[in-house]
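Basis for what follows: all heavy atoms, side chains included, without hydrogens, waters or symmetry-related copies. Note that the numbering runs from 1 along the sequence shown for the chain.
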Amino acid sequence: MSVKSPSPKFAEETRDTLIQEALELFARHGYAGTSIDRIAEKVNMTKGAVYYYFSSKKEVLIACYQRQAQWVAEAVGAVPETDNPWDDTLRLCDTFLDFVVSNGRHTMPLQEVITFLGWETWRDIDSSYTMGTLARTISRLQDGGWLKPYPRNLLNSMIYGVLVEAAINLASSPDDYTLQDMKTLIADFLGGMLSLIHISEPTRLLSIS
């Protein structure tokens with residue numbers, strides 16, 4: 001006798017619940033400390049039922065990080081756009097760091113995600129979310145002549161890399177750095193890339209609180 005497949009709506013809702021609960025477990029216990037058995041128990045399903053939706057624990061992790069990256073992108077994307085791309089960029093960076101600090105208990109540490117997903121997979125996911133929003137903002141800066149003429153792809157990678165490193169440090173060494181320390185550092189780092197025409201505006205080098 002064949003087993004009837006769940007309806008598309010039920011399957012989508014079940015998968016969504018699995019991702020939500022697995023993300024909470026990964027955030028609390030880490031990737032190594034979270035097994036498929038543990039995820040199945042959390043959602044009151046059998047291990048086989050979990051494997052119906054995901055072929056491996058790594059696939060669960062990918063889905064969880066996609067969800068997490070979406071949350072970050074939504075927070076960053078909510079930053080209103082003004083006619084001053086420099087202020088907008090600082091607010092975007094600040095919002096990213098605010099999210100890291102405010103949601104640390106409910107999200108997976110970036111360092112662990114990168115370790116278990118691998119750099120390329122992590123980068124591919126982030127390129128579709130937060131990195132994409134940042135790239136659009138940086139394009140506005142370059143198109144407006146705010147930045148020195150660095151290659152655009154390199155600039156995107158370097159700035160996002162600094163943000164990721166800041167997030168990792170805030171999560172792993174909360175007693176060594178304050179959120180404002182990181183915001184000031186990011187503002188100073190970006191300020192060093194300003195074109196000569198805009199360096200004469202020192203008030204714009206200050207991080208937006």
Inset, instruction - Would you indicate whether Q111, at its atom CD, is surrounded by more than 12 heavy atoms from other residues, nucleotides or ligands within a distance under 6.0 Å? - result: no
Legend entry - Hydrophobic cluster membership, W119 vs L61, 4.5 Å side-chain cutoff: yes
Legend entry - Close side-chain approach of F99 to T107, heavy-atom, < 4.5 Å: yes
Inset, instruction - Give the cluster check for I186 versus V79: same hydrophobic cluster or not, with ILVMFWY residues linked at side-chain heavy-atom distances below 4.5 Å. - result: no
Inset, instruction - Compare all side-chain heavy atoms of L18 with those of V60 and state whether any distance is below 4.5 angstrom. - result: no
Inset, instruction - Hey, could you give me the CE/CG distance between M182 and L170, rounded to the nearest 0.5 Å? - result: 4.5 Å
Legend entry - Minimum heavy-atom distance between F96 and L163, given as atom pair plus value: CE2-O, 3.5 Å
Inset, instruction - Check whether any side-chain heavy atom of I19 lies under 4.5 Å from a side-chain heavy atom of C64, and answer yes or no. - result: yes
Legend entry - Heavy-atom side-chain contact between I36 and Y51 under 4.5 Å: yes
Inset, instruction - State the OG-CD distance between S128 and Q70, to the nearest 0.5 angstrom. - result: 11.5 Å
Legend entry - Rounded distance [0.5 Å steps], NE2 in H106 versus CH2 in W71: 9.0 Å
Inset, instruction - Without swapping roles, check the side chain of D16 against the backbone of E12 for a donor-acceptor pair under 3.5 Å. - result: no
Legend entry - For the student: nearest non-hydrogen atoms of I125 and L117, plus distance: CD1-CD1, 4.1 Å
Inset, instruction - Find out whether M193 and L155 are in side-chain contact, i.e. whether some heavy atom of one side chain is under 4.5 Å from a heavy atom of the other. - result: yes
Inset, instruction - Examine distances only and state if a side-chain atom of E112 and a backbone atom of G30 form a donor-acceptor pair shorter than 3.5 Å. - result: no
Legend entry - Reported CG-to-CG distance for the pair N169 and D181, which is rounded to 0.5 angstrom: 11.5 Å
Legend entry - For the student: nearest non-hydrogen atoms of C93 and L190, plus distance: SG-CD1, 4.1 Å
Inset, instruction - State, with a plain yes or no, whether a side-chain heavy atom of N156 is found less than 4.5 Å away from one of L134. - result: no
Legend entry - T130 (side chain) donor-acceptor with D126 (main chain) under 3.5 angstrom: no
Legend entry - Derivation of the side chain to side chain contact (heavy atoms under 4.5 Å, CB included) call for I39 and E21: CA-CA 7 Å; I39 295 171; E21 297 298 337; 5.8 Å; no
Legend entry - Heavy-atom neighbours of E59 CD exceed 12 at 6.0 Å: yes
Legend entry - Exercise: identify the closest heavy-atom pair between F54 and A63: CE2-CB, 3.7 Å
Inset, instruction - Output the distance between atom OG1 (T89) and atom CG (L147), rounded to the nearest 0.5 Å. - result: 7.5 Å
Inset, instruction - Indicate, with yes or no, if W146 and M158 share a hydrophobic cluster defined by side-chain heavy-atom contacts under 4.5 Å among Ile, Leu, Val, Met, Phe, Trp and Tyr. - result: no
Legend entry - R152/D143 salt bridge by N-O under 4.0 Å criterion: yes
Legend entry - Side chains of L110 and W122 in contact at under 4.5 Å (non-hydrogen atoms): yes
Inset, instruction - Give a yes or no answer on whether the side chain of T133 reaches the backbone of G77 with a donor-acceptor pair at less than 3.5 Å. - result: no
Inset, instruction - With rounding to the nearest 0.5 Å, note down the distance linking CD in Q20 to CZ in R67. - result: 7.0 Å
Legend entry - Between T137 and R140, a side-chain donor and acceptor under 3.5 Å: no
Legend entry - Greater than 12 external heavy atoms within 6.0 Å of E41's CD: no
Legend entry - Closest approach of L194 to K148 (non-hydrogen atoms, all atoms of both residues): O-CE, 3.3 Å
Inset, instruction - Decide yes or no for Y53 and M45: does some side-chain heavy atom of the first lie under 4.5 Å from some side-chain heavy atom of the second? - result: yes
Inset, instruction - Over all heavy atoms of both residues, which pair between S35 and K57 is shortest? Give the atoms and the distance, please. - result: CA-CD, 4.3 Å
Inset, instruction - For E24, check salt bridge (charged side-chain N to carboxylate O under 4.0 Å, His left out) against everything at least two apart and list the hits. - result: R28
Inset, instruction - Determine yes or no for a side-chain-to-main-chain donor-acceptor pair under 3.5 angstrom, with D88 supplying the side chain and E81 the backbone. - result: no
Legend entry - Same apolar cluster (I L V M F W Y, side chains within < 4.5 Å links), L154/I138: no
